[in-house]
Every structure is written in C-alpha cells, then in structure tokens.
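Chain A is the first sequence line, chain B the second, and so forth, proteins listed ahead of strands; every chain is numbered from 1.
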Protein chains: 2
Amino acid sequence: MVRYGKEHKAETRRRIIETAGRRFKRDGIDGSGVSTLMKDAGLTNGAFYAHFESKDDLVTTAIADQLKVQAENVVAQAAPGRAGIEQIVRGYLSPQHRDNLGDGCPNAALLDEIGRCTDTTRQAYTDGVLVLIDGIASRMAPEAPSSARVKALGLLGLLAGTLQLARALTDRQLADALLEQGVNNALALLDADQRV
Amino acid sequence: MVRYGKEHKAETRRRIIETAGRRFKRDGIDGSGVSTLMKDAGLTNGAFYAHFESKDDLVTTAIADQLKVQAENVVAQAAPGRAGIEQIVRGYLSPQHRDNLGDGCPNAALLDEIGRCTDTTRQAYTDGVLVLIDGIASRMAPEAPSSARVKALGLLGLLAGTLQLARALTDRQLADALLEQGVNNALALLDADQRV
DNA sequence: TCTATGGTATGGCGAACGTAATCCAAATCG
DNA sequence: CGATTTGGATTACGTTCGCCATACCATAGA
C-alpha cells in the first residue's frame with residue numbers, strides 16, 4: 001500500500017472540495033476567499049494552487065460535487081414514486097432546511113450567483129443538475145416521457161425559489177407560512193400533473 | 001437658501017441608486033465595487049460618501065428602490081384581476097426577461113445574496129417585497145383574505161426560482177422549455193386556488 | 001468677493017488572487 | 001540502513017482591488 005502516494009493528495013483535495021462547498025453555500029462564492037477556504041480545510045493558502053488551477057476551477061469542481069452528493073442523497077434516501085417526492089418536498093421546504101445553509105441545497109444557496117459564473121462553471125452546473133433532476137423525474141413519471149425532465153426542473157425552480165424567499169424574509173412566521181404554502185403548491189402541481 | 005439647490009444633490013443620489021440597482025443585478029452585490037458603481041453614475045469614488053454612509057447603506061437603499069419600482073410597474077402596467085396575473089407571469093417567465101439581467105426582477109437576480117445580507121438590509125427587503133406582493137395578491141383574491149399574501153409569496157418564489165434556473169442552464173432549448181413549464185405551473189396554481 | 005457645497009484626486013489599509021522560495025516528511029535506492 | 005529524491009505544505013511576497021476617508025478645487029449664490 002502506498003503511504004504518502006496518491007491517496008494523500010486525493011484525500012486533501014476532496015477535503016478542500018467538501019469544505020469549500022459548505023463555505024460557498026454559507027457565505028457565497030464571491031464572499032469566500034481562497035485563504036479562508038484553505039483554512040477551513042486545515043491548510044494555508046499557498047497549498048491551494050497545488051490542487052486547483054484557480055479559484056474558478058475550485059468553484060466549478062465544488063458545484064459539481066455538491067450536486068452529485070445531493071443527487072445521491074435523493075436517490076438513496078427517498079422512497080420511490082410519488083411518496084418519495086412528497087418526502088423530498090417536505091424535507092426541502094422545512095424550517096430546518098431554511099436555517100441550515102451549510103448542509104442545504106446548493107441550488108437554493110447559489111443559484112443566482114451561478115447564473116453569473118463563467119460558461120465552464122455553468123456547464124458543470126447544468127450537467128450536475130440534470131443528474132439530480134433525473135432522480136426526481138423518475139419518481140414523478142415512472143414511464144419517463146421526455147417532458148418529465150422539464151417538469152422536474154419546474155419543481156426544482158419552485159423549491160429553490162421558495163426556500164430562498166423564506167430565507168430572505170425577516171418575519172419568521174411569514175417565512176414559515178410561505179414554506180407550508182410551498183409544500184401545498186408543489187403537491188398541487190404533482191397532482192395536477194397526474195390528472196392529465 | 002441652498003447654493004446648488006437641493007435638487008442637484010438629490011438627483012445625483014437618485015442616479016447612483018438607479019445605476020447601482022442595475023449593476024447589482026448584473027454583477028451581484030459582492031461583485032460590484034464602490035468605484036465601479038460611482039463610475040456608472042459618472043462620478044468618482046470619493047463622492048460616494050457624501051451620499052451614503054457605507055456600501056451597505058447603498059445596498060439597502062438600492063434594493064428597496066428596485067422593489068418599489070417593480071411594485072409600481074406591476075400596479076401600473078398589469079390589468080386588474082386574473083388577466084393581469086397571467087400577463088405578469090408570461091412576461092416574467094419570458095426569454096426576454098431571462099436574457100435581460102439589468103432591467104429584470106431584483107428577486108430573481110439577488111435573492112440568495114439578499115438572504116446573506118445584514119438584518120437591516122433584509123428588513124428593507126422584507127418591507128419592499130410585501131408592497132410588491134400586495135399588488136399581486138390583490139389580483140389573485142380580490143376579496144383579500146389574509147392568506148392571499150402568502151399565496152402571492154408562493155407565486156413569487158416559483159417565478160424567481162424558475163427564472164434563476166433558466167438563467168443558470170447553458171442549454172437554451174431546455175431553458176426555454178423550463179420557462180414554458182413555469183408558466184403552466186403558475187397558472188395551474190392560480191386555477192387550483194380558485195377552485196377551492 | 002466670499003463661502004457653502006458638491007465633486008475630484010489621492011491615499012491608507014486590508015484582503016483578494018496568485019507565485020515563488022523554502023521546508024519537512026515520506027519514499028526510494030545504493 | 002543511510003543518503004537522496006520527491007512532493008505536499010508553509011511562509012512570504014507582489015500586485016491588484018476592495019472600502020472608506022480626507023485634502024483640495026470649482027462652481028454658484030449672497
């Protein structure tokens with residue numbers, strides 16, 4: 001077994017990606033400096049460029065990683081079919097998720113900032129989100145028509161936007177009510193979809 | 001009496017607020033420096049602090065202004081009742097709006113960043129968005145039950161999230177399809193609401 | 001002309017990204 | 001098994017750019 005070899009560097013790289021993902025979600029991409037990101041990983045800023053070409057390189061990698069993890073969680077943890085979707089929706093639009101930026105959905109935390117990123121980053125985002133989307137779509141329409149993907153994207157837009165709005169409001173009661181409304185909206189769309 | 005006339009300074013301030021609103025929406029809050037913001041207004045950075053206490057002060061003011069203008073546009077331009085809502089929804093989830101950051105909705109452009117702002121800024125956002133929301137709510141349920149406000153917030157969340165998602169995707173055809181799906185979703189919610 | 005006012009020009013200070021020069025521990029080889 | 005090599009990490013630095021402040025100037029009204 002290699003002791004110092006490839007595993008060491010790969011593990012360090014992984015740690016940077018994971019802690020950076022959390023930091024980006026909490027403080028934003030522009031709001032997170034390289035030296036802070038490295039301190040989060042227990043390193044100093046100079047080591048950064050042995051792992052990534054640039055901050056943008058890390059941003060792209062971290063976003064892809066966040067979406068991958070989220071997709072795995074969806075696939076692994078949620079029940080199949082409509083029951084799984086309802087489970088996902090209720091967990092997503094919960095006060096716990098609203099109040100936990102770091103462990104939460106990267107879409108809700110970063111979506112408008114991602115829209116301003118480089119094409120490379122947005123491409124990685126697009127690829128990553130489609131994997132997540134397919135995990136959701138398979139539960140919305142098991143027969144999987146081509147429109148299922150678009151419907152799942154529509155659902156994700158609703159979820160992310162509602163959560164962002166709940167996070168931005170200072171009135172917590174109103175934010176709570178909005179989350180409930182969001183759950184009702186999401187479920188209503190699913191039911192309307194099945195009726196057609 | 002005042003030398004330059006009150007109008008002059010007030011007009012300069014207004015110009016800064018308006019150009020800053022556009023810049024924030026295009027480049028983000030963290031992505032916009034004070035000297036850039038002032039250059040946009042045709043001034044140099046030093047003059048900034050004759051008009052605002054700090055960048056945060058401008059951020060708060062600009063967000064409030066953006067929401068005020070948006071609320072006025074909604075009230076002024078959209079027809080009353082359900083027809084007005086449909087008009088708003090179709091305009092909001094249009095490719096034109098998606099491709100025009102600077103003139104677009106401040107919620108879609110800045111929502112997740114606003115969630116990370118100071119309490120003061122978030123309070124100003126909350127106050128401002130509620131005015132906008134009431135303009136929408138009055139068209140959703142003319143009898144105006146207390147839940148109309150929450151329903152309108154739910155709709156705004158759907159609209160903003162869907163538009164953000166459409167902006168982040170690199171696949172334009174998919175983004176177009178998502179916008180259409182968003183329109184259908186929004187209208188379905190309105191109809192479901194009326195049936196109850 | 002005198003003075004208040006709005007704006008410019010300039011600068012301090014810190015943080016940002018990125019690049020070395022150096023260090024130290026593990027891996028390899030004679 | 002000791003010397004050498006390798007490579008990940010540290011420290012330090014350069015440059016740029018961020019926010020914020022102030023000394024000065026130009027203008028317009030009294």
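- In this structure, B/Met38 places its CE atom 11 Å from C1' of C/dG6, rounding to the nearest Å.
- Within the model, atoms CG of A/Leu110 and CZ of A/Arg26 stand 12.5 Å from one another, a figure rounded to the nearest 0.5 Å.
- Rounded to an integer number of Å, the gap from B/Glu53 CD to D/dC20 C1' is 12 Å.
- Between A/Lys39 atom NZ and D/dT11 atom P the separation is 11 Å, expressed in whole Å.
- Of all heavy-atom pairs spanning A/Thr120 and A/Thr60, the tightest one is O-CG2, 4.2 Å.
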Run the side chain to side chain donor-acceptor pair (under 3.5 Å) test on A/Gln164 and B/Gln164 for me, step by step, so that the C-alpha distance in whole Å, both residues' side-chain angles and the decisive distance to 0.1 Å come before the verdict.
CA-CA 11 Å; A/Gln164 286 182 1; B/Gln164 285 182 3; 2.9 Å; yes

Run A/Ile63 and A/Phe24 through side chain to side chain contact (heavy atoms under 4.5 Å, CB included) and show every step you take.
CA-CA 9 Å; A/Ile63 287 174; A/Phe24 285 148; 5.8 Å; no

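- Following rounding to the nearest Å, A/Phe52 (CZ) and D/dG8 (P) show an atom-to-atom distance of 13 Å.
- The NZ-C1' distance, from A/Lys9 to C/dA26, rounds to 16 Å in whole Å.
- Salt bridge absent: B/Glu18 and B/Arg22 never bring a charged side-chain N and a carboxylate O closer than 4.0 Å.
- Identified under the salt bridge (charged side-chain N to carboxylate O under 4.0 Å, His left out) test for residues 30-56 of chain B, with sequence neighbours left out: B/Arg23-B/Asp40.
- Proximity of residues 20-37 of chain B to DNA chain D (heavy atom under 4.0 angstrom from any strand atom) is restricted to B/Ser32, B/Gly33, B/Val34.
- Atom CG of B/Asp56 and atom C1' of D/dG18 are 15 Å apart (whole Å).
- At a threshold of 4.0 Å, the pair A/Arg82-A/Asp191 counts as salt-bridged, since one of the basic side-chain nitrogens sits closer than that to a carboxylate oxygen.
- Under 4.0 Å is where a charged nitrogen must lie from a carboxylate oxygen, and between B/Lys68 and B/Asp127 no such pair does.
- Between B/Lys55 atom NZ and D/dA21 atom P the separation is 15 Å, expressed in whole Å.
- In this entry the distance linking CG of A/Asp57 with C1' of C/dG18 reads 14 Å, nearest Å.
- Taking only side-chain nitrogens and oxygens, B/His51 comes nearer than 4.0 Å to OP1 or OP2 of C/dG7.
- In the region residues 40-50 of chain B, proximity to DNA chain D at under 4.0 angstrom, judged on heavy atoms, holds for B/Asn45, B/Gly46, B/Tyr49.
- For the pair B/Thr12 and C/dG6, the criterion of a side-chain N or O lying under 4.0 Å from OP1 or OP2 is not met.
- At a cut-off of 3.5 Å, with distance as the only test, no side-chain donor of B/Gln96 or B/Asn100 sits close to an acceptor on the other residue.
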